[in-house]
Enquirer: 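Quick one: this structure, given as C-alpha cells, is what I'll be asking you about.
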Amino acid sequence: MKYAVDENGYYGNFGGSYIPEMLYPNVEELRVRYLDIINESSFQKEFEYLLKQYVGRPTPLYFAPRLSEKYKSKIYLKREDLCHTGAHKVNNTIGQILLAKELGKQKIIAETGAGQHGVATATVCALMGMECIVYMGEVDIERQRPNVERMKLLGAKVVPATSGSKTLKDATNEAMRHWISHPEDTHYIIGSVVGPHPYPDMVTQFQSVISEEIMKQLEEQEDTQNPDYVIACVGGGSNAAGAFYHYLNNEEVKLVAVEASGKGNATGQSAATTVLGKPGVLHGSKTLLMQTDDGQVVEPYSISAGLDYPGIGPIHAHLFETGRVHFESATDQEAMEAGVELSRLEGIIPAIETAHALAALAKLNLKKSDVVVINLSGRGDKDLDTYIKWGEY
Ligand SMILES: *Cc1c(COP(=O)(O)O)cnc(C)c1O
C-alpha cells in the first residue's frame with residue numbers, strides 16, 4: 001500500500017521514533033508485538049464486539065438533505081458524534097486497552113489537553129477494571145472542569161502537570177516520565193496519530209473502521225463505495241486518518257483535511273501546521289510543526305481545544321508533502337458559523353473541531369453531482385460554553 005508506514009516507522013520523510021534512551025524498551029516492546037496482537041482473530045473479535053455493543057458501531061452515514069441543498073451537492077455525514085462518549089476517540093482507546101491487556105499490563109496512563117482523550121481513556125479503564133492515571137496541565141484542569149469531573153467519576157486519577165505552560169505539552173512530558181519509571185506494568189495510551197512509531201500506525205488502524213464503514217454504507221445508498229470527496233478536521237489527525245485510510249490508494253477520491261487557522265494565519269494566533277510549520281521532531285516523531293527559527297515549539301491557538309496542537313501526525317505530513325491530501329484551513333469565525341449552520345439545517349450540534357471540517361464546504365467549488373462525505377468527528381455538548389460565549393446564534 002502506497003501511503004502505508006514502512007518497516008522503520010516512516011511515511012516518506014516523516015515518522016520514526018525519536019525518543020530518549022530510557023523509553024526505548026517500552027516503545028520497542030510495542031513495535032515488536034503490535035501487529036501480531038491486533039491481527040490475531042481473538043483480538044479482532046473482541047475489538048469488533050466492543051465497537052458494536054459498547055461504542056454503538058456502525059455509526060450511521062446520514063444523507064443531509066438541507067445541507068446538501070445549501071451547498072448544491074450530495075452531502076453525507078459520518079456520525080462519529082454518536083459514538084459512546086461523543087466522539088471518534090473511543091475507537092482508539094478500545095483498541096489500545098485490549099492491546100494493553102494482551103501485553104499483560106495492569107495500569108494505564110494518558111495525557112489530555114481538553115480532556116476528551118482523558119475521558120475516552122478513563123471510560124475504557126472503567127470498562128476493563130484497570131487503574132488509570134491521566135496527566136493534565138494545571139491550566140487545562142481549570143479550563144475544562146466538567147471533563148475533569150467526568151474522569152474522576154469514572155474512577156481515574158487526574159494528576160496536574162505544573163511545569164512550563166501547564167498545558168498539553170507539559171502533561172505529555174509528565175506522562176512520558178511516569179512511563180519511563182514504570183515500564184513493566186504500565187501502557188501509555190496516546191490519543192491521536194502522533195508519537196513515536198508504532199503509535200501513528202496503530203492509532204490509524206484502530207480508527208480505519210471509519211472508512212471501512214463508509215465504503216459499505218455508501219454502496220448501500222449511492223451504489224458506489226467511492227465518494228468524490230472525504231473531508232475531515234485535523235488536530236493530530238486521527239479522525240482524518242481513519243476516514244481517509246481505505247481511500248488512500250484510490251486517487252479518484254479527493255481527500256480534504258481541514259486545520260484550524262484561529263484568528264487568521266497571518267495573526268500569529270493559528271494552529272494551521274501545514275501553512276506555518278516546518279519539519280522537525282515533536283513528541284517522538286519527525287513531522288511538520290510550528291516552530292521558531294531556532295526550533296522552539298510555537299504555542300498554537302484555536303478556539304477549538306482539540307485542534308489546538310502545534311503539529312500534525314507524520315502520516316499527514318507525508319500526505320501533505322505528496323499532495324495526496326488537499327489541506328484547507330478554517331478560522332474560528334468560519335468554524336463557529338458552520339457549527340451554527342449545521343445545528344439549524346440538520347438538527348445536529350457539532351463539536352467545534354468538527355465545525356472546521358464543515359467550514360470547508362464553502363471553499364471547495366462543489367458540483368451538483370459531487371458526493372461528499374464529512375466525518376462528523378464529535379458532538380457539540382462539550383462545547384456549549386464556547387457556543388454561548390460566541391453568542392451569534
Ligand atoms: C480530539 C478531537 C479532534 C481532533 O483530534 P484528531 O486526532 O485530529 O482527530 C477532532 N474532533 C473531535 C470531536 C475531537 O474530540
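Whatever order the structure lists ligands and atoms in, that order sets their numbers, starting from 1.
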Enquirer: Polar-atom distance check: E353 versus ligand 1, any N or O pair below 3.5 Å?
Expert: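 Between E353 and ligand 1, no N or O pair is found under 3.5 Å apart.
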Enquirer: Using a 4.0 Å cutoff against the non-hydrogen atoms of A351, which atoms of ligand 1 qualify?
Expert: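 Close to A351: 13 (C).
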Enquirer: Any idea which protein heavy atom is nearest atom 4 (C) of ligand 1, and the distance to it?
Expert: G306 O, 3.4 Å
Enquirer: With only distance considered, is S238 within less than 3.5 Å of ligand 1 through an N or O on each side?
Expert: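 The answer is yes, given that S238 and ligand 1 share an N or O pair closer than 3.5 Å.
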Enquirer: List every atom of ligand 1 that sits less than 4.0 Å from any heavy atom of G378, numbering the atoms from 1 in the order shown and giving each element.
Expert: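 Result: 13 (C).
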Enquirer: Parallel under 30°, tilted from 30 to 60°, perpendicular over 60°: which one fits the rings of F206 and F43?
Expert: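 Rings of F206 and F43: parallel, as their planes differ by under 30°.
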Enquirer: When you compare ligand 1 with G237, is there at least one nitrogen or oxygen pair between them that comes in under 3.5 angstrom?
Expert: yes
Enquirer: Hey, does H88 come in under 3.5 Å of ligand 1, counting only N/O atoms on both sides?
Expert: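 N/O-N/O distance below 3.5 Å exists for this pair.
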Enquirer: Is there a side-chain contact between H197 and R31 (heavy atoms, below 4.5 Å)?
Expert: yes
Enquirer: Can an N or O of C233 be found at a distance shorter than 3.5 Å from an N or O of ligand 1?
Expert: no
Enquirer: Once you round to the nearest 0.5 Å, how far does CE of M128 lie from SG of C125?
Expert: 9.5 Å
Enquirer: What residue and atom, counting heavy atoms only, is the protein's closest point to atom 11 (N) of ligand 1, and at what distance?
Expert: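 It is S377 OG, 2.8 Å.
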Enquirer: Is there a side chain to side chain donor-acceptor pair (under 3.5 Å) between N239 and E353 once you walk through the steps?
Expert: CA-CA 11 Å; N239 88 88; E353 290 85 1; over 6 Å; no
Enquirer: Return yes or no for this condition: an N or O of S192 is under 3.5 Å from an N or O of ligand 1.
Expert: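 Yes, there is a polar N/O contact under 3.5 Å.
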Enquirer: Is there a donor-acceptor pair under 3.5 Å between the side chain of E259 and the backbone N or O of T274?
Expert: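 Yes; at least one donor-acceptor contact below 3.5 Å.
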Enquirer: To the nearest 0.5 angstrom, please state how far the CE atom of M215 sits from the OG1 atom of T224.
Expert: 8.5 Å
Enquirer: With heavy atoms only and a cut-off of under 4.0 Å, state how K89 meets ligand 1: side chain, backbone, both or neither.
Expert: side chain
Enquirer: What atoms of ligand 1 come closer than 4.0 angstrom to any heavy atom of G235?
Expert: 8 (O)
Enquirer: Between V193 and ligand 1, is there a nitrogen or oxygen pair with a distance under 3.5 Å?
Expert: no
Enquirer: Judged by atom type as modelled, is there a donor-acceptor pair below 3.5 Å linking the side chain of S68 to the main-chain atoms of I75?
Expert: yes
Enquirer: So do V325 and H316 actually touch side chain to side chain, heavy atoms under 4.5 Å?
Expert: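 In short, these two side chains do not touch, never coming nearer than 4.5 Å.
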Enquirer: Show, in sequence, the C-alpha distance, side-chain angles and deciding distance for E142 and K166, and conclude whether the salt bridge (charged side-chain N to carboxylate O under 4.0 Å, His left out) test is met.
Expert: CA-CA 11 Å; E142 277 315 305; K166 305 181 172 60; over 6 Å; no
